[in-house]
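Proteins come first, then strands; the chains are lettered A, B, ... in the order of their sequence lines, and each starts at number 1.
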2 protein chains.
Amino acid sequence: MRWSEIDTIPCPVAQAMSAIGDTWSMLILRDALRGATKFEEFQRATGASRAIVADRLSHLVEHGVFTREKYEDHPPRYAYRLTPRGRDLQPVLMMLSHWAEEHLRKSPSDKPLRLSGRRHTTCDHAFTPVITCSHCGEAATPDTIIYDVPRHVAVKR
Amino acid sequence: MRWSEIDTIPCPVAQAMSAIGDTWSMLILRDALRGATKFEEFQRATGASRAIVADRLSHLVEHGVFTREKYEDHPPRYAYRLTPRGRDLQPVLMMLSHWAEEHLRKSPSDKPLRLSGRRHTTCDHAFTPVITCSHCGEAATPDTIIYDVPRHVAVKR
DNA sequence: GAGGGTTAGTTCAGAAAACAGACTTACACA
DNA sequence: TGTGTAAGTCTGTTTTCTGAACTAACCCTC
């Protein structure tokens, strides 16, 4: 199995990762959600090489996560803007950040990291994300969720 | 900037991706959350080469996402089990799946994919995950969230 | 009008990493 | 003696990445 064949796996996690690309793409998405739109902004903020940034941006455009709009003709200059599909990745990045803040302290005795203050404008309070059930509104914690996994994908026990 | 230096970036997204590893690690996590514990199970389910599986598993053990327990001495056999830190990645994987199911249909006219039925045992209904605010309990959609990003990380506008 | 800054890339060679497939070890069962 | 299972390691090729230089066209300052 090659990287390039990952998109053939019939699984939403594999499909999602295939569309996003890799860690550099994640960092580019993070910066886009913070407001970055220009090539140079992405390059500076991620610290990745120019070739990587060019490659990942075109991958993300191909997969409908960004649009590439010319905002100047001579010389050609482009703005990369998140599509609705791209903006919908915000919850994924937020949960990832939340996980890191909870778990990735430097030493076990450290307090949880709080690198980014997250504020809910509806109630104007700092908060942490809580996943709830679209049907009953109660918390959907890992132990209250079961999956009906298609038989051909299921792991043999 | 090298891959190996990603963990030096003071950003929870970078830290999280550094701890997780890459797409193969994501697939390994997916399988672990489905109940896989053995090397061979991970190898079959992900389709990655044995070297990749061995490498990613040891990476994840190093980062406290899995434990490696010997369950047989001769010959040595190991079970990989998720730690609490690893289990807490479940919401991340769930949001990623949800995004793929909503957005990655084969053609624009297709209905959203529903590859895995997600059921909430509290109310016994199929559901989609909704992120809410830990303070007021209302939906925390991207447009109702603002970040207080530390100045040294902020993108210049 | 010379020089520097900005923006969005492309190109190149050498270095690093990923990868498939074969191999190893060791037991169980027939 | 042979097949199956399990958990890797090893090897040599293939692919990707890095870092630096280069292009190109405009703007601004001196």
Side-chain angles (χ1 to χ4, degrees), chain A residues 1-9 14 17-18 20-28 31-32 35-62 66-81 155-157, chain B residues 1-9 14 17-18 20-28 31-32 35-62 66-81 155-157:
Chain A
M1 171 83 58
R2 302 270 170 94
W3 244 100
S4 49
E5 304 164 40
I6 269 199
D7 60 340
T8 65
I9 304 175
M17 290 312 295
S18 158
I20 293 172
D22 66 353
T23 298
W24 296 121
S25 304
M26 287 281 191
L27 298 186
I28 286 173
D31 296 323
T37 60
K38 295 177 184 173
F39 184 93
E40 295 283 318
E41 286 175 342
F42 291 116
Q43 206 254 310
R44 253 199 315 276
T46 60
S49 75
R50 311 181 67 75
I52 294 287
V53 176
D55 182 79
R56 297 305 187 278
L57 279 173
S58 74
H59 176 92
L60 289 164
V61 168
E62 227 172 83
F66 280 98
T67 56
R68 183 170 181 262
E69 293 160 24
K70 190 180 279 187
Y71 67 86
E72 199 183 288
D73 270 325
H74 295 288
R77 294 282 173 263
Y78 301 95
Y80 294 88
R81 292 183 200 289
V155 172
K156 241 188 312 180
R157 300 310 308 279
Chain B
M1 172 81 59
R2 302 269 169 92
W3 243 100
S4 49
E5 304 166 39
I6 268 197
D7 61 339
T8 64
I9 305 175
M17 291 311 296
S18 160
I20 294 172
D22 67 353
T23 299
W24 295 122
S25 305
M26 287 280 190
L27 299 185
I28 287 174
D31 297 322
T37 61
K38 295 178 183 172
F39 184 94
E40 294 284 318
E41 287 175 341
F42 291 116
Q43 207 254 308
R44 255 199 314 277
T46 59
S49 76
R50 311 182 68 76
I52 293 288
V53 176
D55 181 80
R56 299 305 188 277
L57 279 173
S58 74
H59 177 92
L60 289 164
V61 168
E62 228 172 83
F66 281 100
T67 55
R68 184 171 182 261
E69 292 161 23
K70 189 178 278 186
Y71 67 87
E72 200 183 289
D73 271 326
H74 294 289
R77 295 282 174 262
Y78 302 94
Y80 294 88
R81 291 183 202 290
V155 172
K156 241 187 310 179
R157 302 309 308 278

**For atom CZ of A:Phe66 and atom C1' of C:dA8, their distance in whole Å** = 16 Å
**Request:** Could you pull out all residues at least two apart from A:Asp22 that satisfy side-chain hydrogen bond (donor to acceptor under 3.5 Å, both in side chains)?
**Result:** A:Ser25, A:Arg56
**Request:** Sugar-phosphate atoms are those with a prime plus P, OP1 and OP2; base atoms are the rest. Using that split, label each nucleotide of nucleotides 8-26 of chain D B, S or - for protein heavy atoms under 4.0 Å, 5' to 3'.
**Result:** BBB------SBS-B--BBS
**Qualifying residues under salt bridge (charged side-chain N to carboxylate O under 4.0 Å, His left out), relative to B:Arg77, sequence neighbours excluded** = none
**Complete:** Between the NZ atom in A:Lys38 and the CZ atom in A:Arg44, the distance rounded to the nearest 0.5 Å is 9.5 Å
**Request:** Output all residues satisfying salt bridge (charged side-chain N to carboxylate O under 4.0 Å, His left out) with B:Arg81, sequence neighbours left out; order by chain, then residue number.
**Result:** B:Glu69
**Message:** List the residues meeting salt bridge (charged side-chain N to carboxylate O under 4.0 Å, His left out) with B:Glu40, not counting sequence neighbours, and say none if there are none.
**Reply:** B:Arg50
**Asked** C:dA20 C1' sits how many Å from B:Gln43 CD, rounded?
**Response** 11 Å
**Message:** Measure NZ/A:Lys38 against P/C:dG9 and give the value in whole Å, please.
**Reply:** 13 Å
**Asked** With a non-hydrogen cut-off below 4.0 angstrom, is B:Tyr71 in contact with a base, only sugar-phosphate, or nothing?
**Response** sugar-phosphate
**Message:** Checking B:Glu72 now: which residues fulfil side-chain hydrogen bond (donor to acceptor under 3.5 Å, both in side chains) with it, not counting sequence neighbours?
**Reply:** none
